Amino acid sequence: MIGDRIRAVRGRIGRWRGRGSLGVKLVVILTAVGLAGSVALTLLLASVIVPSFNQLEAKSIDAQVDRTHAALGDFATKVENAVRDYGDWTASYTYMAHPTPEFERESFSTLAMANLNVDGMAYVGNDGRIVIARWRDLARGLDRPDRRDAFATALVHTDFKRFLGTKSSGHYYLRLGDELAAIGVAKVRRSDGTGDPHGYVVMARRITSRALSDVLQLRAKIDLANAPDANRIVAANATMRIAVPIQGADGHAVASAAFTVPRDVSVLGQRMLLLAVTGAVVLLLGVLAMLRRMITRLVLRPLARVEQHMQVVRSSGALGLLPDETRKDEIGSLGRSFNAMLQQLKDLREQLEVQSFALGKSESAVAVMHNVRNALNPISTILSQGIAQAPPVDRAVLERAVAELAQDDLPAPRRAKLVAFVSAAIEAENADRAHRRDQLQIGREAMSHVLEIIGEQQSAAHERPPVEPCDITEIIARNATIARYSGGVSIAFSFPAQPCYVLASRIILSQVIGNLFSNAADAIAAKGTASGSITVSIEEDGDTARIAIRDDGEGFAADATPTLFQRGFSTRKYKSGGLGLHWCANSMVAMQGTLRLESEGVGRGAVAVLTLGLAPRAASELAA
């Protein structure tokens with residue numbers, strides 16, 4: 001039991017070595033845990049930090065867009081407030097009914113436009129007719145006819161009635177060439193707001209990128225090339241480009257306010273995520289490294305000491321105890337249990353050596369008697385058959401026939417019959433004598449076999465039997481002849497005729513084969529049939545010979561194979577001891593061979609397979 005435990009531990013250690021040491025496995029496992037933990041921690045932090053900072057960035061962008069819309073709306077609202085004073089003015093109402101140069105010189109003067117801070121002014125009739133239009137460059141103090149014409153053309157194509165609807169004033173943005181202007185428009189009514197509108201008064205104020213940048217407190221640009229109807233946001237790694245639409249009279253964008261803002265919030269989130277992940281991974285790696293070091297110190301090194309000690313025990317055979325460590329944990333308990341097992345195994349080995357010495361003598365003697373009994377069975381059978389066999393001719397009849405032949409007056413026909421009878425009797429007697437001589441010769445060979453067994457037993461019992469090249473075919477043939485007389489059934493033998501030389505002890509191998517033939521004959525007799533067959537085959541595979549002895553006897557169950565080789569076990573109720581197969585297996589091992597039994601089940605026969613080393617060709621030729 002203890003030996004099985006030691007072999008199991010050694011087998012586990014061997015598997016560890018084959019698949020990789022426990023330390024390597026722990027490194028792989030801890031590395032996998034570290035990677036999985038790092039990935040999980042990164043995902044966790046990313047799922048918390050990134051969305052939060054994205055929301056902050058989105059709120060910042062929305063606030064910036066709202067500021068831009070508010071700035072554009074405030075700029076245009078100022079123009080609308082200025083134009084509303086001209087719309088709700090009785091002088092304008094009268095002028096639209098009867099235009100006069102005096103009103104134009106006073107209200108459309110450079111000073112008036114400078115006070116209103118507008119670049120262009122115009123009066124438009126209800127039918128879209130331009131009553132008057134003026135565009136002046138306030139910075140240089142010059143009129144701009146080209147801008148005026150473009151301004152007037154744009155006003156002609158604008159449907160103010162649809163734009164204002166029921167409102168009295170409104171504002172929008174208008175693109176004039178490479179410039180953008182905020183337009184304020186109001187219906188022309190009396191100062192008290194009465195009267196049907198006689199037309200519309202329009203004022204324009206140019207808006208530049210610099211002015212927009214001053215309002216937004218950042219670098220902005222009026223982009224006339226790109227005019228999206230919705231907010232356009234293009235994100236880069238560190239910046240965000242935003243384009244806010246500037247709507248015209250028809251509700252579609254005529255330009256966009258474009259500016260670039262740094263992604264400070266997003267960059268801060270990325271840095272925070274990187275810092276958090278790096279710190280957590282470094283901490284995790286430190287914990288795993290310390291854990292691996294502690295496992296190596298507390299577990300792997302003590303186990304390595306136990307394994308090394310087991311290797312020393314296996315190589316030297318000396319059951320020395322493992323140096324004890326004053327540890328109170330599981331490793332210390334394992335070392336103490338291992339030492340207790342070694343001490344118990346050492347005591348059992350000493351007891352086993354004492355018992356084996358005494359048992360060896362008894363087993364050797366019993367084995368000799370068992371083998372002698374198997375070899376004497378043919379002699380007993382031959383003697384029994386000889387005693388029970390009746391004489392071929394009745395002696396009294398033969399003597400009466402001879403006496404009758406001595407008579408002189410015996411008729412010739414009667415004499416001829418008696419002479420033929422006596423001749424036949426003499427031939428029968430001679431044949432019976434020859435048959436008895438053959439049986440006695442077989443008995444003599446069996447007796448010689450017994451004497452060889454007894455003579456060789458002393459040396460075979462105390463040392464490994466010397467092996468030599470011997471012809472196993474000749475040994476099989478001799479034992480087959482003896483086995484035919486070992487029972488009361490008729491047995492047909494079949495075996496190869498060509499010689500096959502193997503390395504074995506001829507006497508011990510003859511005993512093994514004789515025992516196997518005897519067991520096969522008993523199995524055939526136990527099956528209940530009056531006859532049976534034993535077939536022997538020899539196969540050579542490299543430097544090994546495989547001898548298979550197959551019988552058609554009663555067989556055995558497949559799960560009973562290990563039991564057959566136990567000392568004292570026998571399937572025959574009329575026999576005791578059962579040392580045959582146990583001794584045969586040990587003898588084959590002593591000759592560096594093997595023996596195993598196989599059967600397909602009860603009633604389906606059995607086969608005994610022996611393996612032995614083949615003799616070298618030169619030695620085989622010398623033995624032949």
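The model shown is predicted, which means the values in this text are computed figures rather than measured ones.
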As a quick check of understanding, evaluate side chain to side chain contact (heavy atoms under 4.5 Å, CB included) for Arg546 and Asp541, giving each step before the final call. CA-CA 8 Å; Arg546 180 179 180 274; Asp541 184 11; over 6 Å; no

Quick one: [atom1] on [X] to [atom2] on [Y], what's the gap to the nearest 0.5 Å?
| X | Y | atom1 | atom2 | answer |
| --- | --- | --- | --- | --- |
| Arg437 | Asn430 | CZ | CG | 9.0 Å |
| Asp551 | Ile491 | CG | CD1 | 9.0 Å |
| Glu474 | Tyr501 | CD | OH | 9.0 Å |
| Ile472 | Arg506 | CD1 | CZ | 13.0 Å |
| Leu597 | Asn519 | CG | CG | 8.5 Å |

According to side-chain contact (heavy atoms from CB on, under 4.5 Å), who are the partners of [X], at least two apart in sequence or on a separate chain?
| X | answer |
| --- | --- |
| Arg297 | none |
| Pro411 | Pro413, Arg414 |
| Arg550 | Val607 |
| Ser423 | Val419 |

By salt bridge (Lys or Arg N to Asp or Glu O under 4.0 Å), which residues pair with Glu427, not counting sequence neighbours?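 Testing Glu427 for salt bridge (Lys or Arg N to Asp or Glu O under 4.0 Å), a comparison that skips the adjacent residues, returns none.
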
Check salt bridge (Lys or Arg N to Asp or Glu O under 4.0 Å) between Arg301 and all other residues, then give those that pass, not counting sequence neighbours.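 By the salt bridge (Lys or Arg N to Asp or Glu O under 4.0 Å) rule, Arg301 matches no residue at all.
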
Sidechain-backbone polar pair: [X] side chain, [Y] backbone, donor-acceptor under 3.5 Å:
| X | Y | value |
| --- | --- | --- |
| Ser599 | Gly605 | yes |
| Asp552 | Ser533 | yes |
| Thr296 | Arg292 | yes |
| Thr278 | Leu274 | yes |

Would you say [X] and [Y] make side-chain contact, with heavy atoms under 4.5 Å?
| X | Y | answer |
| --- | --- | --- |
| Ile476 | Ile549 | no |
| Val502 | Pro469 | no |
| Met591 | Ile508 | yes |
| Met588 | Leu610 | yes |

May I have all residue pairs that pass salt bridge (charged side-chain N to carboxylate O under 4.0 Å, His left out) and include part of residues 604-615, sequence neighbours excluded?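 The answer is Glu600-Arg604.
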
Heavy-atom closest pair, residues [X] and [Y]:
| X | Y | value |
| --- | --- | --- |
| Leu612 | Gly593 | CD2-CA, 4.1 Å |
| Ala545 | Leu614 | CB-CD2, 3.6 Å |
| Ser587 | Val512 | CB-CG2, 4.0 Å |
| Cys500 | Thr473 | N-OG1, 3.6 Å |
| Gly532 | Ile524 | CA-CG2, 3.7 Å |

Give the C-alpha distance, both sets of side-chain angles, the deciding distance and a yes or no for salt bridge (charged side-chain N to carboxylate O under 4.0 Å, His left out) between Glu307 and Arg305. CA-CA 5 Å; Glu307 193 270 341; Arg305 290 178 58 253; over 6 Å; no

Checking side-chain contact (heavy atoms from CB on, under 4.5 Å) against Leu509, which of Ile547, Val467, Ile475 comes through?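 That would be Ile475.
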
Just jot down the side-chain hydrogen bond (donor to acceptor under 3.5 Å, both in side chains) partners of Thr544, sequence neighbours excluded, or say none.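 side-chain hydrogen bond (donor to acceptor under 3.5 Å, both in side chains) list for Thr544, sorted by chain: empty.
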
Test of understanding: with side-chain hydrogen bond (donor to acceptor under 3.5 Å, both in side chains), list the residues that count as partners of Thr594, not counting sequence neighbours.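 Testing Thr594 for side-chain hydrogen bond (donor to acceptor under 3.5 Å, both in side chains), a comparison that skips the adjacent residues, returns Thr611.
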
Test side chain to side chain contact (heavy atoms under 4.5 Å, CB included) on Thr535 and Phe495; report intermediate values, then the result. CA-CA 6 Å; Thr535 303; Phe495 53 87; over 6 Å; no

For Ser510 and Asn479, which I'm curious about, is there any donor-acceptor pair between the side chains at under 3.5 Å?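 Per modelled atom types, Ser510 and Asn479 side chains form a pair under 3.5 Å.
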
